[in-house]
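Written below as structure tokens is the structure these notes are about.
Throughout, residue positions are numbered sequentially from 1 according to the sequence presented.
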Amino acid sequence: MSTTQSERLRGLLEPLVSKRGLDLEEIAVTPAGKRRVLRVVVDADDGVQLDTCAELSRAFSELLDESDAMGGAPYVLEVTSPGADRPLTEQRHYRRATGRLVKAQLTPEAGGGEVIARIVGVNEEGVDLQVPGVKGRKPTSRRLAFEEIAKARVEIEFNRKAADAVGAARPTSAADGAEAAEDDEKEEEA
């Protein structure tokens, strides 16, 4: 998609997105046979509901039909939220991923390599991470400035316990640990 078409579409659609308290993350036009696909990605701090995507799709469709932003060729309009595997590129992306496990590739200036850690805080300068302990060691804290991150994505966790997901307290004694293990086994059997 040309820059001018992208800018025109963004200028046309962004006010409708902002009016609903959402962020316009991406606009892409790609060929699909004899048609084109206009994909509009929107997001918000508390996520985007399917009904909101449907409302936006109807509003975008009306607006695009009234304008010549897509030209005369047929196209398919898709309004969606970002997938779980989308790159984290903006401060708001990191803020929305607080509590999630991320994989960050570090810049050469930051020593290179990668870090897999949970985001525990975000501010204008960077992210606070909790790096999981290895082989029974306790987790450690680490601070990364945004300039030190070459790229980052959320890691999908299929085996994360529900208690961990909401930040529940961990067992404080061996007896508590045994009870928690029994509860976990019962949950898995159910």
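Salt-bridge check for Glu25 with Arg96: passed, with a basic side-chain N closer than 4.0 Å to an acidic carboxylate O. Salt bridge present: Arg86 and Asp43 bring a charged side-chain N and a carboxylate O closer than 4.0 Å.
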If you apply the rule salt bridge (Lys or Arg N to Asp or Glu O under 4.0 Å), what do you find for Lys19 with Glu14, and how did you get there?
CA-CA 8 Å; Lys19 188 170 140 182; Glu14 197 157 33; over 6 Å; no
Please lay out, stage by stage, how Arg118 and Glu157 fare under the test side chain to side chain contact (heavy atoms under 4.5 Å, CB included). CA-CA 11 Å; Arg118 192 164 311 283; Glu157 297 179 87; 2.9 Å; yes
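In the hydrophobic cluster analysis, where Ile, Leu, Val, Met, Phe, Trp and Tyr join through side-chain heavy atoms closer than 4.5 angstrom, Leu22 is grouped together with Leu77. Under the 4.5 Å side-chain heavy-atom criterion for ILVMFWY residues, a single connected hydrophobic cluster contains both Leu56 and Leu24. One hydrophobic cluster, built from ILVMFWY side chains closer than 4.5 Å, cannot hold both Val37 and Leu13; they sit in different ones. In the hydrophobic clustering of ILVMFWY residues, with side-chain heavy atoms under 4.5 Å counting as a link, Leu64 and Val17 come out together. One hydrophobic cluster holds both Val122 and Leu88 under the rule that ILVMFWY side chains link at heavy-atom gaps under 4.5 Å.
Side-chain contact check for Leu101 versus Ile119: every heavy-atom pair is 4.5 Å or farther apart. For the pair Ser67 and Leu12, the minimum side-chain heavy-atom distance is below 4.5 Å. In this structure the side chain of Val120 never reaches within 4.5 angstrom of the side chain of Thr98, judged on heavy atoms. Annotation: side chain of Thr80 is not in contact with side chain of Val40 (no heavy-atom distance under 4.5 Å).
Here the straight-line distance linking atom CZ of Phe146 with atom CD of Glu125 works out to 8.5 Å at 0.5 Å rounding. A distance of 15.0 Å separates CZ in Arg36 from NZ in Lys34, rounded to the nearest 0.5 Å. Distance CG/Leu106 to NZ/Lys151: 12.0 Å, rounded to 0.5 Å. In this structure, CG on Leu38 lies 9.0 Å from OG1 on Thr30, to the nearest 0.5 angstrom. Expressed to the nearest 0.5 Å, how far CG of Leu63 lies from CE of Met70 amounts to 12.5 Å. Of the inter-residue distances, the one linking Glu62 atom CD with Asp65 atom CG reads 8.0 Å to the nearest 0.5 angstrom.
The ring-ring contact (aromatic ring centres under 6.0 Å, His included) search around Phe60 returns none, not counting sequence neighbours. Looking at residues two or more places apart in sequence or on another chain, you find no side-chain hydrogen bond (donor to acceptor under 3.5 Å, both in side chains) involving Arg39.
Closest of all the heavy-atom pairs between Ala117 and Leu129 is CB-CB, 3.8 Å. Across every non-hydrogen atom of Glu114 and Lys103, the tightest pair is OE1-CD, 3.6 Å. A pairwise comparison of heavy atoms in Val48 and Ala44 identifies CG2-N, 3.8 Å as the closest pair. Shown here for Tyr94 and Thr89, the closest heavy-atom pair between the two residues is CE1-N, 4.5 Å. In plain terms, the two heavy atoms of Ala69 and Leu9 that are nearest each other are CB-CD2, 3.7 Å.
Put simply, the side chain of Ser18 never gets that close to the backbone of Pro15: no donor and acceptor are under 3.5 Å apart. Proximity of a side-chain donor or acceptor of Arg100 to a complementary backbone N or O of Val154 within less than 3.5 Å is not detected.
Atom CZ of Arg20 has more than 12 heavy atoms from other residues, nucleotides or ligands within 6.0 Å. Counting heavy-atom neighbours within 6.0 Å of Glu155 CD, excluding the residue itself, gives a total above 12.
Pairs of residues two or more places apart, or lying in two chains, that qualify as side-chain hydrogen bond (donor to acceptor under 3.5 Å, both in side chains) and include a residue from residues 128-148 are Asn123-Arg143, Asp128-Arg143.
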